[in-house]
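All remarks here apply to the structure that follows.
Nothing here was measured: the structure is a model prediction, and the numbers come from that model.
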Amino acid sequence: MNTNIYTSRSRIVITCSKRLSPYLEQEVKELGFELERVFATGVELFGTMNDCVRLNLNLRCASQVHYSLLEFAAKNPDELYRTLSEYSWENIIKNDGYFSVTCNVDTPSINNTMFVNVKVKDAIVDRIRSKASTRPNSGSELSGAVVYLFWKENSAEVFVDTSGETLSKHGYRKIPGKAPMLEALATSTLLATKWDRKSPFVNPMCGSGTLAIEAAMLATNRRPGLYRSNYSYMHFLGYDDTVHQQELAKLKSQIKEVPGLTIIASDNREDAISISKVNAGIAGVEHLIDFQVCDFEKTEMPEVPGVIYFNPEYGERLGEISALEITYARIGDFLKKKCQGYMGYIFTANLDLAKKIGLKASRRMEFYTAKLDCRLLEFELYSGTRREVKASKEITE
């Protein structure tokens with residue numbers, strides 16, 4: 001067995017939230033990796049742990065990057081323990097270090113995943129203790145080495161979870177604000193739009209600023225790895241910090257200026273704009289965003305057409321729905337009257353409310369947020385009537 005997992009090729013499974021895999025696929029391919037498989041909640045490829053370093057630092061839409069160590073059959077916890085206690089953990093986990101275990105279990109013999117975590121931990125500790133005079137500490141915090149077990153029916157696979165804490169949070173949002181959109185979801189929805197990352201991007205009702213910040217990061221090629229200093233891959237034997245530092249230097253060198261870039265974020269609450277500015281400052285993009293405290297109808301719209309993106313509240317109680325019906329209708333009026341020539345986007349989990357917009361969506365893209373079935377609705381906001389635009393196109397063609 002080659003004990004250096006950082007240079008040995010194995011199966012890598014990158015997970016993401018449901019419905020984000022098309023955008024994760026796009027990202028991984030753009031990094032130059034060849035995919036073996038794309039599935040509902042992730043992608044699969046082959047590579048080394050050093051490849052995982054690059055993936056962790058670059059990916060915007062991912063949740064975890066898992067590097068496969070061992071596949072085996074296990075009908076019950078005893079078989080699981082026996083196989084894992086025979087694996088050479090002493091070659092990859094420091095005997096005086098710290099590790100944690102996570103798992104995804106769907107097998108008839110188990111009804112308590114905490115029991116499985118303990119069984120895996122015991123197998124690792126017992127193995128290392130039999131080979132060394134000391135044993136590593138373990139716990140639930142994902143701050144050190146992380147081992148992940150996937151066990152379905154009688155098939156089990158153990159991975160190094162090279163990420164540790166989830167990648168879906170990008171590290172700059174220290175103040176979340178009210179009902180914030182997860183960063184990985186925000187980026188994925190931006191990738192789903194027709195925004196060219198050069199024309200104006202306008203985000204009324206911006207909340208804690210996640211969409212505007214992610215837009216600024218996309219336009220200037222700022223990667224999430226710039227905002228995070230600890231990953232699980234740093235805590236296994238064989239880790240070479242030079243590889244991490246080289247990849248980090250690449251991230252810094254790839255940041256680009258976009259002359260004339262216009263990103264506007266508005267909200268009628270001063271506290272929301274204050275929170276947005278703090279988060280944007282941590283992300284290093286506050287100077288790229290024009291923050292405005294105003295009702296969305298007063299948002300200053302650049303004359304050059306671009307993209308306008310709303311993420312309004314969805315409403316859960318009857319009183320909220322009644323008020324939001326008026327808000328959605330106002331959004332529709334604003335799009336029709338003030339945003340001609342723009343591409344409009346509305347992200348919502350309430351399609352009944354979306355009907356109050358009074359515009360027909362040209363595309364309806366499916367997403368999830370906090371287990372809510374959502375849609376990103378796209379609206380082509382023509383200047384003049386659609387018939388006039390169509391006639392103009394025919395003349396120019």
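- Not a single salt bridge (charged side-chain N to carboxylate O under 4.0 Å, His left out) links D290 to another residue, sequence neighbours left out.
- Taking the six-membered ring for Trp and the full ring otherwise, the centers of Y148 and Y67 sit at least 6.0 Å from each other.
- Counting heavy atoms from C-beta outward, I14 and I12 have side chains that approach closer than 4.5 Å.
- Taking the charged nitrogens against the carboxylate oxygens, K29 and E25 do have a contact shorter than 4.0 Å, which makes a salt bridge.
- Annotation: side chain of I93 is in contact with side chain of F236 (closest heavy-atom distance under 4.5 Å).
- At least one side-chain heavy atom of R82 sits under 4.5 Å from a side-chain heavy atom of E86.
- Side-chain rings of F310 and F296 approach one another, their centers coming within less than 6.0 Å.
- Comment: R19 engages E366 in a salt bridge, judged by a side-chain N to carboxylate O separation of less than 4.0 angstrom.
- Listed for the N104 side chain is no donor-acceptor partner under 3.5 Å among the backbone atoms of W151.
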Would you be so kind as to tabulate the donor-acceptor pairs closer than 3.5 Å made by side chains of residues 192-204, with sequence neighbours excluded?
residue, atom, partner, partner atom, Å
T193, OG1, L190, O, 2.7
T193, OG1, W195, N, 3.2
K194, NZ, E378, OE2, 3.4
W195, NE1, S199, O, 2.8
D196, OD1, K198, N, 2.9
D196, OD1, S199, N, 2.8
D196, OD1, S199, OG, 2.8
N203, ND2, Y309, O, 2.8

Before you tell me yes or no, could you show the steps for H244 and Y233 under side chain to side chain donor-acceptor pair (under 3.5 Å), namely the whole-Å CA-CA distance, both residues' side-chain angles and the distance that decides it to 0.1 Å? CA-CA 10 Å; H244 172 86; Y233 62 70; 2.8 Å; yes

Hey, can you pull the donor-acceptor pairs under 3.5 Å for the side chains in residues 128-142, sequence neighbours left out?
residue, atom, partner, partner atom, Å
R129, NH2, D126, OD1, 2.9
S130, OG, R127, O, 2.6
T134, OG1, N95, O, 3.4

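- Using a cutoff of 4.0 Å between basic side-chain nitrogens and carboxylate oxygens, D271 and R269 are scored as salt-bridged.
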